[in-house]
Amino acid sequence: MSELIEKQPLKIECSIEKALSVIGGKWSFLVLRELFEGTKRFGELQKAISNVSPKALTDTLRHLESNGVLIRTVYATVPVTVEYSLTEKGQSLHTIIKEMKYWGSYWA
């Protein structure tokens with residue numbers, strides 16, 4: 001009688017999948033595009049990115065912050081001022097996003 005040996009599927013880590021996990025959803029690319037130009041406030045981001053809901057923008061900013069891509073700075077003003085800027089990790093995405101832009105303009 002032969003014993004059945006359960007085999008675990010081999011998990012191969014894909015660095016592209018990891019990168020996409022850090023970047024996040026579709027709005028992240030547009031947020032990054034805006035922040036490559038410099039520090040922005042929430043309202044500025046919302047105006048610059050058409051059709052993004054406040055909830056989707058908030059979720060995207062939180063995701064990028066939790067993954068170390070951007071920094072959220074709060075100033076004790078009335079009303080409170082919040083600014084978003086890219087970290088070194090976020091700035092390092094600039095070349096990749098620019099190449100995607102070129103690819104999209106050529107092929108899409």
Side-chain angles (χ1 to χ4, degrees):
M1 182 189 298
S2 65
E3 285 186 33
L4 294 175
I5 300 173
E6 280 189 45
K7 290 187 178 183
Q8 295 290 351
L10 179 63
K11 181 171 173 132
I12 300 172
E13 291 188 8
C14 174
S15 54
I16 294 172
E17 187 176 353
K18 285 183 190 178
L20 289 174
S21 172
V22 169
I23 294 170
K26 70 177 186 176
W27 298 114
S28 296
F29 291 97
L30 301 177
V31 168
L32 290 169
R33 178 194 68 194
E34 294 304 316
L35 292 179
F36 289 140
E37 296 175 7
T39 300
K40 298 268 176 38
R41 295 181 183 175
F42 186 91
E44 293 173 308
L45 290 168
Q46 192 170 20
K47 284 178 189 172
I49 303 169
S50 60
N51 299 324
V52 67
S53 70
K55 181 184 181 336
L57 182 56
T58 298
D59 291 346
T60 299
L61 291 167
R62 286 181 181 157
H63 175 81
L64 292 170
E65 182 183 18
S66 71
N67 281 280
V69 175
L70 63 78
I71 296 171
R72 178 180 185 262
T73 307
V74 180
Y75 297 97
T77 57
V78 178
V80 173
T81 302
V82 180
E83 293 182 337
Y84 298 92
S85 57
L86 293 175
T87 62
E88 182 181 351
K89 182 178 182 178
Q91 285 291 346
S92 71
L93 292 165
H94 195 203
T95 304
I96 296 164
I97 302 296
K98 192 178 350 176
E99 289 300 318
M100 290 176 72
K101 178 182 174 183
Y102 294 147
W103 186 90
S105 67
Y106 185 80
W107 291 103

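All values below were derived from every heavy atom in this structure, side-chain atoms included, with hydrogens, water molecules and symmetry-related copies excluded.
The OG atom of Ser53 lies 8.0 Å from the CD atom of Gln46; values are rounded to the nearest 0.5 Å. Rounded to the nearest 0.5 Å, atoms CG (Asp59) and CG (Leu64) are 11.0 Å apart. Note that CD of Glu34 is 5.0 Å distant from NZ of Lys40, once rounded to the nearest 0.5 Å. Taking NZ of Lys98 as the reference point, atom CZ of Arg33 lies at 15.0 Å (rounded to 0.5 Å). With rounding to the nearest 0.5 Å, the separation of CZ in Arg41 from OG1 in Thr73 is 12.0 Å.
Residue pairs meeting the ring pair (Phe, Tyr, Trp, His ring centres under 6.0 Å) criterion with at least one partner in residues 57-88, sequence neighbours excluded, do not occur; the list is empty.
Between Thr81 and Val74 there is no side-chain heavy-atom pair separated by less than 4.5 Å. Annotation: side chain of Met100 is in contact with side chain of Phe29 (closest heavy-atom distance under 4.5 Å). Taking the side chain as every heavy atom from C-beta outward, Phe42 and Glu83 never approach each other to under 4.5 Å. Looking only at side-chain heavy atoms (C-beta outward), Leu45 and Leu57 come within less than 4.5 Å of each other.
What you find for Leu35 and Gln91 is that their closest heavy atoms are O-NE2, 4.5 Å. Between Ile23 and Leu32 the shortest heavy-atom distance is CG2-CD1, 4.2 Å. For the pair Lys18 and Glu13, the tightest heavy-atom approach, listed with the atom from each and the gap, is NZ-OE1, 2.8 Å. Scanning both residues, Asn67 and Lys89, for their nearest heavy atoms gives O-NZ, 2.7 Å. Minimum heavy-atom separation, Glu44 to Thr39: OE1-O, 4.4 Å.
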Evaluation steps, side chain to side chain contact (heavy atoms under 4.5 Å, CB included), between Leu93 and Val69: CA-CA 9 Å; Leu93 292 165; Val69 175; 4.2 Å; yes
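Hydrophobic clustering (ILVMFWY, side-chain heavy atoms < 4.5 Å, transitive): Ile97 and Tyr102 are in distinct clusters. Using a 4.5 Å cut-off between side-chain heavy atoms of Ile, Leu, Val, Met, Phe, Trp and Tyr, with links allowed through other members, Leu20 and Ile96 fall into the same hydrophobic cluster. Under the 4.5 Å side-chain heavy-atom criterion for Ile, Leu, Val, Met, Phe, Trp and Tyr, Trp27 and Phe36 are members of the same hydrophobic cluster.
A donor-acceptor pair under 3.5 Å is absent between the side-chain atoms of Ser21 and the main chain of Glu17, judged by distance alone.
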